[in-house]
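The first residue in the sequence is number 1, and the count goes up from there. We use all heavy atoms of the structure for the numbers below, so side chains are in, but hydrogens, waters and symmetry mates are not.
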Amino acid sequence: MDGLLLDTEAMYTVLSNKVLAQYGKELPLETKIKMMGRNVKAATDILLADLQLPMTFEEYDTQITELKKTYFPMTMMMPGAERLIKHLAKHSIPIAVATSSNKDMFLVKTTNHREVFELFGKNITCGDDPLVKNSKPSPDIFLTAMDRLDSSLQPADCLVFEDSVIGVQAACSARMSSIWVHDMRFSLDPQNSPKEHNATERVTSLLEFNPAQYGLPAFDK
């Protein structure tokens with residue numbers, strides 16, 4: 001969801017820098033990329049280690065959570081996200097959200113987009129779901145989301161959309177096809193496409209995705 005459906009990754013960088021400013025530091029892109037797709041504890045531990053901050057997880061999390069509650073409701077949807085969700089819902093294609101965000105923060109982030117996210121119904125699996133024993137890059141969250149969507153589904157029936165490398169790894173571990181939506185704002189080499197990524201397909205925006213290539217109804221002209 002983060003960075004795929006909602007432009008929270010860019011906002012997260014801004015908010016992180018607000019916290020880091022007290023130490024005269026900013027979030028490096030290299031660290032940012034390592035954090036993407038992970039749950040809050042794993043991502044924060046990477047940040048604290050890379051920047052050698054004299055803070056505990058709890059101290060950092062308390063500060064940034066207050067900022068998130070203020071700013072995340074303003075987050076915009078990513079290009080092509082609303083079109084794709086509404087298109088799949090219109091054609092009764094089963095869809096689900098599998099996000100590393102915890103449930104409380106999911107509700108904060110989707111505050112101004114409830115109409116769109118209601119199209120997923122109850123098919124929302126968050127990182128703090130008790131059925132998700134291991135976070136990405138383990139496949140647990142995708143397998144849990146699949147079972148919640150339809151217990152008769154098999155991994156080969158599923159198509160995962162991911163913006164993070166570890167998310168693609170999780171999809172591969174789940175033996176599901178995947179679309180890596182590679183936001184070039186978060187690339188160490190934006191001039192060159194990565195040659196290996198293990199996704200079924202790589203695009204740089206959901207606007208580039210062609211559902212007909214995967215046996216799904218084509219977008220309306």
Measure the spacing between CD1 of I33 and CD1 of I46 and express it to the nearest 0.5 Å. 12.0 Å
If we ignore hydrogens and angles and just use 3.5 Å, is the side chain of D157 paired with the main-chain N or O of Q154 as donor and acceptor? yes
Is there a donor-acceptor contact under 3.5 Å from the side chain of S138 to the main chain of D140? no
Can you find a pair of side-chain heavy atoms, one from F186 and one from S164, that are under 4.5 Å apart? no
So do the side chains of F117 and L5 get within less than 4.5 Å of each other, counting heavy atoms only? yes
Under 3.5 Å, is there a donor-acceptor pair between the side chain of N17 and the main chain of E26? no
Is it true that, when you exclude Q52 itself, more than 12 heavy atoms of the residues, nucleotides or ligands shown sit nearer than 6.0 Å to its CD? no
Donor-acceptor pair, distance only, cut-off 3.5 Å: does the side chain of N102 make one with the backbone of D128? no
Is there a chain of hydrophobic side chains (I, L, V, M, F, W, Y, each step under 4.5 Å between heavy atoms) that links Y23 to L48? yes
Have S152 and D150 got a donor and an acceptor in their side chains that come within less than 3.5 Å? yes
Is there a donor-acceptor contact under 3.5 Å from the side chain of W180 to the main chain of V203? no
Is the closest side-chain donor-acceptor distance between S101 and D2 under 3.5 Å? yes
Answer whether the closest heavy-atom distance between the side chains of D183 and M78 falls below 4.5 Å. yes
Report yes if some heavy atom in the side chain of E59 is under 4.5 Å from a heavy atom in the side chain of L53; otherwise report no. no
Side-chain donor/acceptor of R114 to backbone N/O of L107, under 3.5 Å: yes
Are V132 and I166 in one and the same hydrophobic cluster, where Ile, Leu, Val, Met, Phe, Trp and Tyr link if side-chain heavy atoms are under 4.5 Å apart? no
Which atom pair, heavy atoms only, marks the closest approach of P211 to A218? CG-CA, 4.3 Å
Would you call the rings of H87 and F219 parallel, tilted or perpendicular, taking 30° and 60° as the class edges? tilted
Side-chain heavy atoms nearer than 4.5 Å, only ILVMFWY residues, links allowed to pass through others: does that put L4 and I179 together? yes
Could you walk me through whether V116 and K86 pass the side chain to side chain contact (heavy atoms under 4.5 Å, CB included) check? CA-CA 7 Å; V116 176; K86 289 184 174 180; 4.3 Å; yes
Judged by atom type as modelled, is there a donor-acceptor pair below 3.5 Å linking the side chain of T125 to the main-chain atoms of A98? no
Residue pair L131 / R148, side-chain heavy-atom distance below 4.5 Å: yes
Side chain proximity check, I85 to M77, heavy atoms < 4.5 angstrom: yes
Can a side-chain donor-acceptor contact be found between T75 and Y12 if the only test is distance below 3.5 angstrom? no
For A174 and F142 the tightest heavy-atom approach is CB-CB, 4.4 Å
Evaluate whether atom CE of M76 has more than 12 neighbouring non-hydrogen atoms of other residues, nucleotides or ligands under 6.0 angstrom away. no
Kindly give the heavy-atom pair with the smallest separation between F72 and T8, and that separation in Å. CE2-O, 3.9 Å
Using side-chain heavy atoms (C-beta onward) and a distance below 4.5 Å, is S135 in contact with I141? no
Would you give the length of the straight line joining atom OG1 of T99 to atom CG of N39, rounded to the nearest 0.5 angstrom? 10.5 Å
On a heavy-atom basis, which atom in L143 and which in M176 lie closest, and how many Å separate them? CD2-CE, 4.0 Å
I'd like to know whether R83 forms a side chain to side chain contact (heavy atoms under 4.5 Å, CB included) with L206, so could you lay out the CA-CA distance, the side-chain angles of the two residues, the decisive distance to 0.1 Å, and finally the verdict. CA-CA 9 Å; R83 178 184 72 156; L206 284 173; over 6 Å; no
How long is the span from the CG atom in L47 to the NZ atom in K32, to the nearest 0.5 Å? 10.0 Å
Looking at every non-hydrogen atom in both residues, tell me the closest pair between L6 and H113 and how far apart they are. CD2-CD2, 3.7 Å
Quick check for you: to the nearest 0.5 Å, what is the distance between Q169 atom CD and N198 atom CG? 7.5 Å
Interatomic distance, S205 atom OG to H182 atom NE2 [nearest 0.5 angstrom]: 13.0 Å
Working to the nearest 0.5 Å, report the span between CG of D45 and CZ of R38. 10.5 Å
Should we say atom CD of Q22 is surrounded by more than 12 heavy atoms from elsewhere, each under 6.0 Å from it? yes
Other residues, nucleotides and ligands only: do more than 12 of their heavy atoms fall within 6.0 Å of OH on Y71? no
Consider only side-chain heavy atoms of I, L, V, M, F, W and Y, link residues closer than 4.5 Å, and tell whether F209 and L207 are in one cluster. no
With a 4.5 Å cut-off on side-chain heavy-atom distances among I, L, V, M, F, W and Y, is there a chain of contacts connecting L88 to F120? yes
Side chain of T31, backbone of L27: donor and acceptor closer than 3.5 Å? no
Under-4.0 Å salt bridge between E9 and R185: no
Minimum heavy-atom separation for L119 and I95, please, with both atom names. O-CD1, 4.0 Å
Checking K25 side chain against L51 main chain: does a donor-acceptor pair fall under 3.5 Å? yes
Side chain T200, main chain S178, donor-acceptor under 3.5 Å: yes
Report the C-alpha separation of T110 and M1 in whole Å, then their side-chain angles, then the decisive distance to 0.1 Å, and conclude whether the side chain to side chain contact (heavy atoms under 4.5 Å, CB included) test is met. CA-CA 10 Å; T110 59; M1 180 186 75; 4.1 Å; yes
Does the side chain of K18 reach to within under 4.5 Å of the side chain of L67, using non-hydrogen atoms? yes
Any chance you could lay out the side chain to side chain contact (heavy atoms under 4.5 Å, CB included) test for M35 and D50, step after step, and finish with the verdict? CA-CA 11 Å; M35 296 168 64; D50 278 13; over 6 Å; no
